[in-house]
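These numbers come from a predicted model, not from an experiment. In this chain, numbering begins with 1 at the start of the sequence shown.
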Amino acid sequence: MPEMTPEATRGAADQAGPAVPVFKPYTAKADFPWEELARDRSRCPVAHSEHLDAVQISSYAGVKEVMNKVAEAFTGTYSTLWPLTEPLPVDQQVFPSADPPRHTRQRKLFVKALSASRIAHMRPFSERLAERLLDGILARGTGFDLVTAYSRRISEGHIAELLGLPEELRERFMYLSTLTELSTADGKGMGYRAELDEWQAQLAGMVRERRAAGEDSDDLITRLCFAEDEGDRLSELEVASLIRAMIRAGNTTSAAALTNTVAALERHPEQKVKYLADIEGLTPSLVEEGLRYDGPALGLWRRCARETTVQGYPLTPGDRVFTVTAAANHDPEVYDRPDEFLIDRDWKELPPHLTFGWGIHHCIGVNLARLELETSLAALYRRLPGLRLEPGAEIPQVPGPVFRNWLSLPMEFDPVSTGAGR
């Protein structure tokens with residue numbers, strides 16, 4: 001029997017009934033899912049997915065509509081990382097997993113502890129960290145794993161600097177943060193629950209110690225302990241959960257964004273040539289295009305809290321919703337040539353990608369993420385212009401529907417003289 005063409009397959013599906021999502025990240029996660037996401041976005045941008053047991057939303061307009069309705073119709077208290085059947089414990093409802101007014105209060109106090117100006121003053125540290133890591137990579141030969149030797153070390157270094165983490169705890173905390181990625185693979189995270197709960201308890205103990213020591217220290221944990229708004233302060237458990245969320249975001253999403261951008265640049269040699277010719281001028285737009293084209297998250301979970309519609313699709317309280325950020329960021333209604341990696345897009349003239357969220361849940365760490373990405377990408381390609389993916393290397397994806405990240409990314413480079421590119 002002859003094989004059906006994609007056009008014939010689509011035609012048969014259309015005759016059989018309403019289109020259903022083909023995105024199946026639990027059982028058939030594609031390394032490069034743009035084609036199947038485009039199919040869902042064009043044929044069923046808002047539709048129930050049996051695979052996810054949720055309403056899958058794939059268009060830019062639909063994802064943005066959910067983000068705009070978070071305060072009135074959707075809740076993150078059941079977790080944005082797992083499709084839980086019960087809300088998270090109240091003390092673990094922080095940032096995207098918190099609803100107003102709790103979220104509003106947390107955000108106000110966090111901004112008091114970590115201002116944009118403080119992040120801006122970290123640039124010299126960020127540049128030194130990248131150079132130090134690259135010195136070590138160059139000293140060890142002409143091959144390395146980008147994920148373990150650079151991307152995670154960049155994120156780990158920034159988070160440890162901000163939080164004042166003792167050296168003996170850094171490896172353990174970063175390991176525990178990577179379990180968050182793996183715990184989303186089955187939608188339940190039960191295999192890692194004991195270790196993640198232990199981490200929460202350890203962070204709570206650290207917070208108690210910092211609060212007892214007084215407010216003389218300038219680290220972020222101490223600042224959060226003593227951040228105050230009209231007499232209101234965060235509880236110890238809230239601070240612990242906020243720190244856990246920050247470590248998770250830094251070591252998971254920021255590191256993944258760096259890895260994904262390098263992978264994309266190496267797979268598009270014409271764009272790499274363009275970048276090497278103007279590293280200083282193109283780094284900001286490279287960062288934004290990397291976040292749009294292959295950001296660190298495929299999507300996030302939410303739950304409908306009251307009757308509403310998304311792009312005309314009716315939702316009732318209790319409905320699970322999965323917003324596919326990766327599909328929204330490739331929407332041709334918003335971006336020209338969306339499935340192409342183009343590092344010189346003019347982002348001043350374009351709608352923002354949704355990788356950092358939208359509305360009240362716009363990422364609070366956006367300035368830190370951009371700083372990390374800008375300094376680490378520029379240093380990497382100044383020092384290692386002959387960088388390339390290791391030929392034939394098997395590169396596995398993190399499993400599950402939430403995160404988009406390579407578990408490793410073996411690289412090699414041409415020998416360079418000491419101090420080259422500085």
Side-chain angles (χ1 to χ4, degrees), residues 77 79 81 87-122 125-126 129 152-153 155-180 183 192-252 254 363-365 367-368 371-372:
T77 58
S79 173
L81 300 181
L88 290 165
V90 173
D91 59 88
Q92 293 182 30
Q93 293 176 19
V94 296
F95 288 159
S97 296
D99 295 336
R102 183 180 180 82
H103 171 267
T104 308
R105 168 179 168 271
Q106 289 173 354
R107 195 173 181 102
K108 184 184 292 187
L109 289 166
F110 191 92
V111 169
K112 284 180 176 290
L114 184 64
S115 64
S117 62
R118 186 176 186 191
I119 296 299
H121 282 106
M122 286 186 70
F125 164 82
S126 189
L129 175 63
R152 285 186 179 161
R153 296 298 179 186
S155 294
E156 172 191 324
H158 285 83
I159 295 299
E161 176 74 6
L162 275 172
L163 300 181
L165 290 181
E167 197 70 38
E168 65 272 15
L169 289 180
R170 293 184 183 188
E171 286 291 335
R172 177 65 177 165
F173 278 16
M174 297 309 152
Y175 159 74
L176 289 167
S177 74
T178 62
L179 294 188
T180 302
S183 71
Y192 303 98
R193 184 65 61 200
E195 283 188 286
L196 292 174
D197 287 346
E198 175 196 339
W199 185 27
Q200 180 78 9
Q202 192 171 10
L203 284 168
M206 179 182 292
V207 169
R208 282 192 294 273
E209 291 174 3
R210 298 285 175 95
R211 182 162 277 174
E215 52 186 306
D216 291 340
S217 178
D218 194 42
D219 66 86
L220 183 58
I221 297 177
T222 300
R223 282 176 169 246
L224 284 171
C225 285
F226 292 96
E228 187 173 318
D229 182 61
E230 297 181 355
D232 181 29
R233 285 182 175 176
L234 296 163
S235 71
E236 289 176 356
L237 289 175
E238 281 182 305
V239 174
S241 293
L242 286 168
I243 294 304
R244 176 177 167 180
M246 187 173 180
I247 294 174
R248 183 176 65 214
N251 197 43
T252 302
S254 294
C363 177
I364 202 166
N367 294 318
L368 179 60
L371 172 67
E372 290 183 30

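The shortest distance between side-chain heavy atoms of Asp229 and Arg105 does not fall below 4.5 Å. No side-chain heavy atom of Val94 sits less than 4.5 Å from a side-chain heavy atom of Arg244. Side-chain contact between Asp219 and Leu163: absent, with no pair of heavy atoms (C-beta onward) separated by less than 4.5 Å.
We find that Lys108 and Glu230 are not joined by a salt bridge, their nearest charged nitrogen and carboxylate oxygen being 4.0 Å or further apart.
Between Leu234 and Val239, the shortest heavy-atom contact is CB-CG2, 3.7 Å. Considering all non-hydrogen atoms of both residues, Ala204 and Leu237 come closest at CB-CD2, 4.2 Å. Considering all non-hydrogen atoms of both residues, Ala227 and Ala113 come closest at CB-CB, 4.5 Å. Taking both residues in full, the closest heavy atoms of Pro100 and Thr104 are given as CB-OG1, 3.9 Å, listed atom of the first, atom of the second, then distance.
When atom types are taken as modelled, the side chain of Gln106 and the backbone of Gln93 share a donor-acceptor pair closer than 3.5 angstrom. Using a distance-only test at 3.5 Å, with no hydrogens or angles considered, no donor-acceptor pair links the side chain of Arg210 to the main chain of Cys225.
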Checklist line | Steps toward side-chain contact (heavy atoms from CB on, under 4.5 Å) verdict (Phe110, Leu220) | finding: CA-CA 9 Å; Phe110 191 92; Leu220 183 58; 4.3 Å; yes

Check: Step by step, would you call Met246 with Ile364 a side-chain contact (heavy atoms from CB on, under 4.5 Å)?
Finding: CA-CA 10 Å; Met246 187 173 180; Ile364 202 166; over 6 Å; no

Next item on the list: Decide yes or no on side-chain contact (heavy atoms from CB on, under 4.5 Å) for Leu129 and His158, but give the supporting numbers first.
Entry: CA-CA 9 Å; Leu129 175 63; His158 285 83; 3.7 Å; yes

Next item on the list: Output, in order, the C-alpha distance, side-chain angles, deciding distance and verdict of side-chain contact (heavy atoms from CB on, under 4.5 Å) for Arg233 and Leu109.
Entry: CA-CA 8 Å; Arg233 285 182 175 176; Leu109 289 166; 5.9 Å; no

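Atom CD1 in Ile243 sits 5.0 Å away from atom CG in Leu224 (nearest 0.5 Å). Note: Leu242 CG to Gln92 CD = 11.5 Å, rounded to the nearest 0.5 Å. In this structure, Glu236 CD and Glu209 CD are separated by 10.5 Å, a value rounded to the nearest 0.5 Å. To the nearest 0.5 Å, the span separating CZ on Arg118 from CG on Asn367 amounts to 13.5 Å. With rounding to the nearest 0.5 angstrom, the CD atom of Glu156 is 9.0 Å from the CG atom of Leu165. Note that the OG atom of Ser115 and the CZ atom of Arg223 stand 7.0 Å from one another [nearest 0.5 Å].
If you check the side chains of Ser155 and Glu372, you find a donor sitting under 3.5 Å from an acceptor. In summary, the side chains of Gln200 and Ser241 do present a donor paired with an acceptor at a separation below 3.5 Å, with no hydrogens or angles considered.
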